[in-house]
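Notes for the one structure printed next.
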Amino acid sequence: MCGIVGYVGARDATPIILNGLKRLEYRGYDSAGVAVINSNQIEVRRDAGKLSQLVDLVGKNPLKGAPGIGHTRWATHGAPSARNAHPHVGNSGRVVVVHNGIVENFLELKDELTSEGVTFNSETDTETIVHLAEHLKAGGDNLEEAARKTFNQIEGANVVVMMSPDEPDKIVTARIGNAGGVVIGLGENENFIASDIPAILEHTRKVIFLESRQMAVVTRESVRVQTLGGTEINPEIHTIAWDAVSAEKGEYRHFMQKEIHEQVRALTDTLAGRIDFQEGRIRLPELKLTPEIAKRIQRIYITACGTAAYAGMVGKYLIEKIARIPVEVVIGSEFRYSDPIIDENTVVLAISQSGETADTLAAMEEGKRKGGIVWSIVNAIGSQAMRIADGYISMQTGPEVGVASTKAFTAPLVDQYMLAILLADLRETLDEQTRKALVSDLRLVPDLAGRVLDTEPNIEEVAHVLKDIRNCLYLGRGINMPIAYEGALKLKEISYIHAEGYPAGEMKHGPIALIDEEMPILCIAPKDPWHEKMISQIQQAKARGGIVIAVATEGDELVGGMADHVLRVPEAPWMLSPVVTVLPLQLLAYHIAAIRGLDVDQPRNLAKSVTVE
């Protein structure tokens, strides 16, 4: 989860930036860098590896000046290396940029810039941003104008920070979508920029949070906030408590709400270093998957508990559809008692946020005992599930404090999508055109998620309507059937409302008897291959007086006209649609629980890591 720190003021920027980046190390990263303005020039130090290597580099080759910007990066375009590390400087040396997110249209922008004679010095999408801004400045725009025009040209969920030696007391930053936070810290004749509060808390408690599609022009004496269209905004100034817990929550009421919003950044980091968009290839080196292993796999068991098990159910659809390998999903607590048929051609894939879930670890041990290949998808680095696996995929979502898992659900959906493509590629069962199209679709995911999160006010309104319900049915079909299970689980575990998830086609095999004017039915009905079937289910529920809340694709007036309440999601490639459809269900459960005054982050009787049977 990339970290950003910026400083404008009279002090030397380098130690402030390095200390701030140190406080963001919990996010994880594979390279780091810092840039300052010194004597009308941009000076940069950057390298692959940990922050300690950057500190050593600065120690050997000191860097003094201000303002300055720094960055810790998970690679998304190009391998981790010094040339791909941020900050990036334009060809003329008059603009420098750091960036979180994915520029969805970077290939098109790169082609345009290359045709105009621009030389690219890295494999990153970030370079398109700095070259665009520099091109505009060369045409006569000042930094603020060039930045605004650049921000309006790049597509996707992104956070950008830039500065120029031509205006040496100024940093311009923007939040485009929900790629991550932008926190502006207000000091005395100095100001700070960061991607999260801990980086600047030692310097100030007064902060401004940028909203989506806002930019700020920051000098040592002032902060001006505008929309990307140029409308001036009078931002709210927040005062942050000094205690660490309040600081980490930042602008959010609960950790769960913060972690729901962190999913755009977490999804970006889940892709980090694993995708070559130009070649349409997936890299999962920690999995230790070779063509020989891939070709001999005859069956995959996915084993997990709770939310992770529902993620595995989505994974079954993905792996069977893309890689054409039979997949069975078995709840972790049942796995070893079912006497599974495992041999050297069988994979046991365990999914666990904590990596310490007792039942999941027991399932992994059973897979090893029977001679299978054991993999894990896990969030906690160095956990038992990571250590005992033959290969693993790290979720790269950062710490998850709230007991009800959110970002550790969406990340393994993407992980399994990438795994399915890699398996198909190594087994030579996927043609090049299809593989490249599937990989290209991953560019859309962070921005699609951010667009759902932008609808939170509408979801909160629906939560107020539903706050007193006692029961709820969740219905889904196909790849979104597990999302019905997960949505119901979220409502149960934090609001204590009885909820059940069902395959929508099973409604008339029993649950339909429960439907009346007091029974809400939440129907997950995006435009996917099961769309028409879900419409039929909605009609049946409405015919019996049920209150229908539909998760529907933007512009779907048919579903919108039938439902009592609609939670809109953007149109998405159907195999990635669960990442989008689960987000309004997370927010709905959160707001219902918050309205009811419940302890959202620590619901009764639940623990973050279940380490006993």
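Below, each value reflects all heavy atoms present in this structure, side chains not excepted, and no hydrogens, waters or symmetry copies. Residue numbers start at 1 and run along the sequence shown.
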Item to check | Exam field: side chain Gln214 to backbone Ile176, donor-acceptor pair closer than 3.5 Å | outcome: no
Next on the checklist: My understanding is that only residues two or more places apart in sequence, or in another chain, count here; which of them pass side-chain contact (heavy atoms from CB on, under 4.5 Å) with Lys149?
Outcome noted: Leu136, Asp141
Item to check | Met313 CE to Leu413 CG distance, which is reported to the nearest 0.5 Å | outcome: 12.5 Å
Next on the checklist: I'd like to know if Arg265 pairs up with Glu262 as an ion pair, taking the criterion as any Lys NZ or Arg NE/NH1/NH2 lying under 4.0 Å from an Asp or Glu carboxylate oxygen.
Outcome noted: yes
Checklist entry - How far apart are the C-alpha atoms of Asp269 and Gln396, what are their side-chain angles, what is the distance that settles it, and do they pass the side-chain hydrogen bond (donor to acceptor under 3.5 Å, both in side chains) test? => result CA-CA 6 Å; Asp269 294 339; Gln396 297 187 177; over 6 Å; no
Next on the checklist: To check you understand the geometry: which heavy-atom pair defines the closest contact between Ala323 and Arg427, and what is its length?
Outcome noted: O-NE, 3.9 Å
Next on the checklist: I'd like to know if the side chain of Thr270 and the backbone of Ala266 have a donor-acceptor N/O pair within less than 3.5 Å.
Outcome noted: yes
Next on the checklist: Nearest 0.5 angstrom please: Glu400 CD to Ser354 OG, how far?
Outcome noted: 10.5 Å
Item to check | Inter- and intrachain pairs under ring-ring contact (aromatic ring centres under 6.0 Å, His included), touching residues 266-290, at least two apart | outcome: His77-Phe277
Checklist entry - Does any donor atom in the side chain of Thr124 or Asn84 lie under 3.5 Å from an acceptor atom in the other side chain? => result no
Item to check | Minimum heavy-atom distance between Leu289 and Ala294, given as atom pair plus value | outcome: CD1-N, 3.8 Å
Next on the checklist: With side-chain hydrogen bond (donor to acceptor under 3.5 Å, both in side chains) as the criterion, how do Glu134 and Ser92 come out once you've worked through the C-alpha distance, each side chain's angles and the decisive distance to 0.1 Å?
Outcome noted: CA-CA 8 Å; Glu134 198 170 66; Ser92 68; 2.7 Å; yes
Item to check | Arg568 side-chain N/O to Gly560 backbone N/O, donor-acceptor pair under 3.5 Å | outcome: no
Checklist entry - Would Val130 and Met162 count as a side-chain contact (heavy atoms from CB on, under 4.5 Å) if you check the C-alpha gap in whole Å, the side-chain angles of each, and the deciding distance to 0.1 Å? => result CA-CA 8 Å; Val130 72; Met162 69 172 65; over 6 Å; no
Checklist entry - side-chain hydrogen bond (donor to acceptor under 3.5 Å, both in side chains) between Arg213 and Asn152: does it pass, once the steps are laid out? => result CA-CA 9 Å; Arg213 300 199 63 76; Asn152 279 300; 3.1 Å; yes
Checklist entry - Could you go step by step and tell me if Val582 and Val551 meet the side-chain contact (heavy atoms from CB on, under 4.5 Å) rule? => result CA-CA 9 Å; Val582 76; Val551 176; over 6 Å; no
Item to check | side-chain contact (heavy atoms from CB on, under 4.5 Å) assessment of Ile129 paired with Thr150 | outcome: CA-CA 7 Å; Ile129 301 173; Thr150 299; 3.9 Å; yes
Next on the checklist: Please check this pair: side chain of Asn158 against backbone of Ile102, looking for a donor-acceptor N/O pair closer than 3.5 Å.
Outcome noted: yes
Checklist entry - Lys436: what forms a side-chain hydrogen bond (donor to acceptor under 3.5 Å, both in side chains) with it, not counting sequence neighbours? => result Glu432
Checklist entry - Hey, mind stepping through Val97 and Val161 against side-chain contact (heavy atoms from CB on, under 4.5 Å) and telling me if it holds? => result CA-CA 6 Å; Val97 161; Val161 183; over 6 Å; no
Item to check | Residue pair Trp375 / Lys288, side-chain heavy-atom distance below 4.5 Å | outcome: no
Checklist entry - Does Arg83 pair with Glu123 as a salt bridge, N-O distance under 4.0 Å? => result yes
Checklist entry - Does atom CD of Glu116 have more than 12 heavy-atom neighbours, drawn from other residues, nucleotides or ligands, at distances under 6.0 Å? => result yes
Item to check | Pairs involving residues 576-587, ordered by first then second residue, that meet side chain to side chain donor-acceptor pair (under 3.5 Å) (sequence neighbours left out) | outcome: Gln263-Gln586, Asn480-Ser577, Asn480-Thr581
Checklist entry - Less than 4.0 Å between a side-chain N and a carboxylate O, is that true for Arg274 and Asp415? => result yes
Checklist entry - Mind checking whether Ile208 and Val183 have side chains closer than 4.5 Å, heavy atoms only? => result no
Next on the checklist: Working note: Ser122 + Glu127, criterion side-chain hydrogen bond (donor to acceptor under 3.5 Å, both in side chains); need CA distance, chi angles, decisive distance, verdict.
Outcome noted: CA-CA 7 Å; Ser122 75; Glu127 259 206 278; 2.8 Å; yes
Checklist entry - Among all residues two or more places apart in sequence or in another chain, which pass the salt bridge (charged side-chain N to carboxylate O under 4.0 Å, His left out) test with Asp276? => result none
Item to check | Donor-acceptor pair, side chain of Ser195 and main chain of Ile4, under 3.5 angstrom | outcome: yes
Checklist entry - What is the minimum heavy-atom distance between Ala572 and Leu448, and which atoms define it? => result CB-CD1, 3.7 Å
Checklist entry - How far does CZ of Arg477 sit from CD of Glu532, to the nearest 0.5 angstrom? => result 11.5 Å
Item to check | His99 and His86, any side-chain heavy atoms less than 4.5 Å apart | outcome: yes
Checklist entry - Is the shortest heavy-atom distance from the side chain of Val414 to the side chain of Leu267 under 4.5 Å? => result yes
Next on the checklist: Quick one: does any side-chain atom of Arg46 pair with a main-chain N or O of Ala85 as donor and acceptor, under 3.5 Å?
Outcome noted: yes
Checklist entry - With the threshold set at 4.0 Å, does a side-chain nitrogen-carboxylate oxygen contact exist between Lys258 and Asp196? => result yes
Checklist entry - Do you know the tightest heavy-atom contact between Arg45 and Leu54? => result O-CD1, 3.4 Å
Checklist entry - Going by distance alone, is a donor N or O of one side chain under 3.5 Å from an acceptor N or O of the other, for Glu286 and Ser394? => result no
Checklist entry - Parallel, tilted or perpendicular: which fits the ring planes of Trp530 and Tyr317, with parallel below 30° and perpendicular above 60°? => result perpendicular
Checklist entry - Looking only at heavy atoms, what is the nearest atom pair of Leu271 and Leu442, with distance? => result CD1-O, 3.6 Å
Next on the checklist: Check this for me, if you would: do Lys527 and Asp556 make a salt bridge, where the nitrogen-to-carboxylate-oxygen distance has to be below 4.0 angstrom?
Outcome noted: no
Item to check | Salt bridge flag under 4.0 Å for residues Arg324 and Glu320 | outcome: no
Item to check | Atom pair OG1/CG of Thr72 and Leu51 - distance to nearest 0.5 Å | outcome: 7.5 Å
Checklist outcome for this item: Closest non-hydrogen atoms of Gly280 and Val439, given as atom of the first, atom of the second and distance, are O-CG2, 3.6 Å
Checklist entry - Does atom NE2 of His591 have more than 12 heavy-atom neighbours from other groups under 6.0 Å away? => result yes
Next on the checklist: Can a donor-acceptor pair be found, under 3.5 Å and without considering hydrogens, that links the side chain of Arg451 to the backbone of Val569?
Outcome noted: no
Checklist entry - Does any N or O in the side chain of Thr307 come within less than 3.5 Å of the main-chain N or O of Phe409, such that one atom is a donor and the other an acceptor? => result no
Next on the checklist: Could you tell me if Thr114 and Asp111 have a donor-acceptor pair between their side chains, going purely by distance under 3.5 Å?
Outcome noted: no
Checklist entry - Cationic tip of Lys490 within the cone over Tyr590's six-membered ring, i.e. under 6.0 Å and within 45° of the normal? => result no
Item to check | Residues in side-chain contact (heavy atoms from CB on, under 4.5 Å) contact with Asp441, at least two apart in sequence or another chain | outcome: Tyr417, Leu444, Pro573, Leu576
Next on the checklist: Could you check whether any side-chain N or O of Ser164 sits under 3.5 Å from a backbone N or O of Leu143, counting only pairs where one atom can act as donor and the other as acceptor?
Outcome noted: no
Checklist outcome for this item: Here the gap from Met395 atom CE to Ser352 atom OG, rounded to the nearest 0.5 Å, amounts to 6.5 Å
Checklist entry - How many angstroms lie between CG in Leu113 and CG in Leu132, if you round to the nearest 0.5 Å? => result 5.0 Å
